[in-house]
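Working notes for the structure below.
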Amino acid sequence: MDADALLLDLNPEQREAVLAGDGPMLVLAGAGSGKTRVVTRRLARLVREGADPRRIVAVTFTNKAAEEMRERVAALVGRRLPSFVGTFHSWGLRFLRRAGGAEGRTANFSIADTADQIALVRESMEELGLSEQTFTPGAVHARISDAKSAARSAERFAAEEGDFAGTRIAGVFARYEKKLRAANAFDFDDLIAVPVRTLRGSDALRDRERAGIEHLLVDEYQDTNAAQDALIKLLGEKARSLCAVGDEDQSIYAWRGARVEHILRFEEDFPGARIVALTRNYRSTATILEAAAAVVSHNRRRRPKSLVSEAGAGQAVEVRAFRDDRVEAEWVISEIRRAERPLSEFAVLFRVNAQSRSFEDELMRQGVSYVVIGGMKFYERAEVKDAIAYYRLALDPADDLAFRRVVNVPARGIGGVTLDRLAAAARERGVSLFEASVDAAGITERARIALDRFRAIVAAGRAKAEELGPASLLEFVLEASGYRALYAASEEREDVARRENLIELVSAAREYERREGEAATVRGFLDAVSLATDADAPRPSGAVTLMTLHSAKGLEFPDVYVAGLEEGFLPHVQSAGSEDEIEEERRLLYVGMTRARRRLTLTLARQRMLYGETRPRQESRFAAELPPSVARIEDASRPPTLFSRGEDEEDGFRWERTERSRLPPRRPAPVTVARRRAAVPGALAGFSRGARVRHPTYGSGVVLQQEGSGEEARLTVFFDRAGKKKFVAKFANLTPG
DNA sequence: CTGCTTCACCTTTTT
DNA sequence: GGTGAAGCAG
């Protein structure tokens, strides 16, 4: 593709964004407006026109977005790939490792995950005698995380928060920071906040870093928190070009510290900035866009704008009310079956994960394959974290977080009392728990012997860390620690699942080695794991997708159902407190609606099972913001219990009576439930019957059938050479073949 | 120190 | 309804 070809299939606005020269630019990229195309073409154009790829940096929010961007740019420029295309957090991680650590950490620092963070907060609270009745560790952690998201240090927090709660939280904050430092660890927020502080604190470092970045590109700018915004300003202010891409209507992470203001104030922050608006939508029909726009236009904190559909009028958007959540689910799934289109064209979106249950029940009952995005995450499972903890200790015995996690797993007779004494000794002498365990006073003979044995295990792992690769090291620590034996004997469901998860983790390490080749390191695998999420897995074909509205951002489906258009969900009960929160909930609905290409249906239940009891539900206030073109249909299969008809007719809405969907369940139907596989850092896939697959040992084959449900779903695969084999779908380690 | 039972809670979750 | 944490017995 030559330079002109890069522009050939672009509209004038897209072209402008791709061609814009030096200086700051904000690309307002409405839903479905071809944002990724613009971004990748722009990067390719810079490289083609002679910019040094080593001085081009592109930052995204998700691994998945980064991966997609990298692939698409690579397709255009080959090996002249920009030096960094990755997430904010991976940029920060790389920066801190290159800097050889910071703020008291060595280059070998580890990353504390969410559970580690909460544990440290809890400990700090205990030490300060703060009752968990007054503040839960989770709530205190949230306050600390908020502060860090704004790059506020513990000291600044203490100086600024003077009220009762503030002073107490400040105390915990300070202690928490000390513990993190003692553990040679950073938390997720530090990966942004610490680079910001470091760059602010050193002119030399800042100049050096800036010199390495000629062109900077930031995706999803509306989701930046204050720390990320500060980072972009530090790095981008002097850059030759800074390109920020975003859409304030799709800002749905304010509760995690994201601020719409960053994108709304871009022109003030970067005077003379060029603004390019991509207003042509290539995804949704005009009818869908009109409905979505009508809702979001009620927001005040936005730039007034409109998207124009390039996809024709299409069919009417529908709002359908049902007697209860069961009927809602039954209708949606029947409707999906009735359409007789590939299941992967359908998505059911909801506000809270708990809503997935009624849909899952119904999908299983009707024998329809589905995937649930989200839920219990692979890397949050206890056995996976335990295994990783042993791995971490092999890399750094001073990793107190890992030490605490597994010092007594499997049980070695080292309990809370011993650990408290160790912690006290460690604090006093300013050493790690591992170090303190060598000769801590006041420890029982029994515990001392157990600790000696534990240290021997860690030492052995440490010795091996030098010579073994990521996968072999993992295998070694699992054996040496006796951790694998812990679950080896039992045939209980849970234990079998644990064993399989451990196998899957080792496969993840192998996959990492394969992908990185020469560049694969023990540390590198751990970093990849620390930043990996389940969102990295691709969607399987042949299955209906179920997920939250949040998870749906960035995706699109021909046919979308947004379920639970009710007060309490949209807006969520706990997010209806302020106008800002309501606006975010409205954007959430907007994001959900704009996922649909051809057909959009919003559903609600008049009553639903919630927290174990049946509750009456009211239609969402947002329903009244939909335009008259939206068809409103009351499901007449059973008499509505809580519905006042007269009022609604005056709204000018059109009401129709419909037959309740009564498709007979497809029997005998194979219940083909495709569950998500663990998000190994790297590519993954789900499989359905007939799919060609490849197994590392057995070679290529074809999926004969899936059976069972949920986590236990099993795949039968017929291999060309090895014949028929059965796997647990989630752990089969298959790749598309 | 461990394992069991009872009790309170309940969003969203890119990293 | 289902989970995680605290409290208590062995």
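Labels below follow one simple rule: chain letters A, B, ... track the order of the sequence lines, proteins then strands, and each chain is numbered from 1.
Contact annotation for Ser551(A): backbone-only contact, meaning every heavy-atom pair under 4.0 Å involves sugar-phosphate atoms and none involves a base. Using a 4.0 Å heavy-atom distance criterion, Ala65(A) is classed as making no nucleic acid contact. Phe569(A) comes within 4.0 angstrom of nothing in the nucleic acid, heavy atoms only. Using a 4.0 Å heavy-atom cutoff across all strands shown, Ile414(A) reaches sugar-phosphate atoms only and no base atom. Base contact: Arg351(A) has a heavy atom under 4.0 Å from a base atom.
Salt bridge status for Arg606(A) with Glu566(A): absent, with no side-chain N to carboxylate O gap under 4.0 Å. Taking 4.0 Å as the cut-off between side-chain N and carboxylate O, Arg302(A) and Asp249(A) count as a salt-bridged pair.
Considering only the side chain of Arg357(A), dG1(C) comes nearest among dT14(B), dT2(B), dG1(C). Picking from dT12(B), dT15(B), dA5(C) the nucleotide with the shortest atom distance to the side chain of Thr87(A) gives dT15(B). The side chain of Phe188(A) lies closest to dT15(B), out of dT12(B), dT2(B), dT15(B). Listed nucleotides: dC10(B), dG1(C), dC1(B). Nearest to the side chain of Gln574(A): dC10(B). For Val352(A), counting side-chain heavy atoms from C-beta on, the closest listed nucleotide (dT12(B), dT15(B), dA5(C)) is dT12(B). Closest contact between the side chain of Ala411(A) and the listed nucleotides dT14(B), dT13(B), dT2(B) involves dT2(B). Nearest nucleotide to the Asn353(A) side chain, out of dA5(C), dT12(B), dT14(B): dT12(B). Of the candidates dT15(B), dA6(C), dT12(B), the closest approach to any side-chain atom of His550(A) belongs to dT12(B).
No donor-acceptor pair under 3.5 Å is formed between the side chain of Arg301(A) and the backbone N or O of Asp580(A).
Checked against a 6.0 Å centroid threshold, the rings of Phe88(A) and Phe61(A) count as neighbours.
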